[in-house]
There are 2 protein chains.
Amino acid sequence: MIDPEERLERMTRLLREKGCRLTPQRLALLKIIARAEGHPSAERIYELIKKDFPTTSLATIYNTLNLLKDMGEVLELNFDNLGSRYDGNKPYPHPHIICLACGQILDSEFMAMAGVALEMAQKTGFHITHYHLNFFGLCPECQQKKANS
Amino acid sequence: MIDPEERLERMTRLLREKGCRLTPQRLALLKIIARAEGHPSAERIYELIKKDFPTTSLATIYNTLNLLKDMGEVLELNFDNLGSRYDGNKPYPHPHIICLACGQILDSEFMAMAGVALEMAQKTGFHITHYHLNFFGLCPECQQKKANS
DNA sequence: GATTTATTTAGAATGATTATTTATAAAAAA
DNA sequence: TTTTTTATAAATAATCATTCTAAATAAATC
């Protein structure tokens, strides 16, 4: 995990440079996604922000997330069915591994993907900008639970 | 591409064995997804079926697609934003490559993924059931168009 | 052909996300 | 400071894909 405070500092700086206003709601959201351990949904971020700013609207969450997404500072993750999840700590494409039973989403470093993408580009003639690689299955704990039931 | 008639025959047989009824609408849908060159959306399949069965409901499309999906005979593809696409010809996970400009979706054989999945399983302890691997970018034609504009 | 019951239909409901409109507050100008 | 401009927030309506529901229909079996 990248240093959350470093991410926070970078994102606030970029917003300022872009001429965007640093409202309290925005700052609260930046803190949440920079420091988040997991991959929170918009709804989850909404709940967290409402603790400090009870009048906040969900639309503001989406607006700010989209703003950061367009700046390349937040990665939006789309999995089956479930709504989007957001990653503000590692905003570049990287593989994930998702437990179908408990829903946890783990990051995974897999550097070989760069080579795979290159090979794909050469084979197809595409100019590849990004990729999604997600593995689905059961985490060790959920395998155990299943075995014991 | 697998022989579409072979796929059609297999899917009708499995449905029959499962005790499912072979309604004309279902048969029409089977033909469409077995023979489809691309990766049609539910909406697209709906349009095609309505040519022969004008009273068909969209719900029937989704019901049948979900039935086949649960049987493992149709692969549901989820990409950003857009609704789901369906593949009834190659119903096992395989990488795709999507053009962000024209929206075309190409299949791509990439056998090394089996090894990658295995490595991921060993590293994480997960029991991996399937994966999604999608590359995004510009196809050769759209690169050209962009260069000429 | 009659019966049983899965399936279809049509439309309402859902849920995540986006758009819209008005209100608010921060920065800039006077 | 006051005024003005402008970005942003809030509330709510709208959208879109998908699922649910209840009533009508028709496939397979006897």
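Hydrogens, waters and symmetry mates play no part in the numbers below; they use all other heavy atoms, side chains included. Residue numbers start from 1 in every chain, and the chains themselves are labelled A, B, ... in the order their sequence lines are given, proteins ahead of strands. Given the structure is predicted, the values throughout are model-derived calculations rather than measurements.
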In this structure, would A/Ile32 and A/Leu14 fall into the same cluster of hydrophobic residues linked by side-chain contacts under 4.5 Å?
yes
For the side chain of B/Ala59, counting heavy atoms from C-beta on, which of D/dA10, C/dT9, C/dT17 is nearest?
C/dT9
5'-most contact on DNA chain C: B/Arg26 or B/Thr55, nearest heavy atom basis?
B/Arg26
Could you state whether B/Val74 and B/Met71 fall into the same hydrophobic cluster, counting links through intermediate Ile, Leu, Val, Met, Phe, Trp or Tyr residues with side-chain heavy atoms under 4.5 angstrom apart?
yes
For the pair made of CG in A/Leu65 and C1' in C/dA16, what is the distance, rounded to whole Å?
13 Å
Give me, pair by pair, the N or O atoms of the protein and of nucleotides 25-30 of chain D that are less than 3.5 Å apart, along with how far apart they are.
from   : atom 1 : to      : atom 2 : distance (Å)
D/dA28 : OP1    : B/Leu22 : N      : 3.3

Nearest whole Å is fine: how far is D/dT8 P from A/Leu27 CG?
14 Å
What integer distance in Å separates B/Glu76:CD from D/dA17:C1'?
11 Å
Ring-plane angle category for B/Phe135 and A/Tyr131, please: parallel below 30°, perpendicular beyond 60°, tilted otherwise.
tilted
Under 4.0 Å, heavy atoms only, any strand: does B/Asn66 hit a base, just the sugar-phosphate, or nothing?
sugar-phosphate
Taking the six-membered ring where the residue is Trp, are the ring centres of A/His130 and A/Tyr92 under 6.0 Å apart?
no
OP1, OP2 of C/dA10 versus side-chain N and O of B/Ser57: anything below 4.0 Å?
no
Can you find a side chain N or O atom of A/Tyr62 that sits less than 4.0 Å from OP1 or OP2 on C/dT18?
no
To the nearest angstrom, the CG-P distance between B/Asn63 and D/dA22 comes to 15 Å
Salt bridge check, A/Arg44 against A/Glu47: does any charged N sit closer than 4.0 Å to a carboxylate O?
yes
Between A/Leu58 and B/Ala42, which residue's closest nucleotide on DNA chain D lies nearer the 5′ terminus?
A/Leu58
Rounded to whole angstroms, how far apart are OH on A/Tyr46 and P on C/dT17?
14 Å
Interatomic distance, A/Phe53 CZ vs D/dA9 P [rounded to whole Å]:
11 Å
If you round to the nearest 0.5 Å, how far is CD1 of B/Ile33 from CZ of B/Arg7?
7.5 Å
Is A/Ser84 touching bases, backbone alone, or none of the nucleic acid, heavy atoms closer than 4.0 Å?
sugar-phosphate
About how many Å separate CG of B/Asp107 and NZ of B/Lys90, when rounded to the nearest 0.5 Å?
4.0 Å
Take atom CD1 of A/Ile61 and atom P of C/dG15, then tell me their distance rounded to the nearest Å.
20 Å
Rounded distance (Å) that lies between atom C1' of C/dA27 and atom NZ of A/Lys18:
17 Å
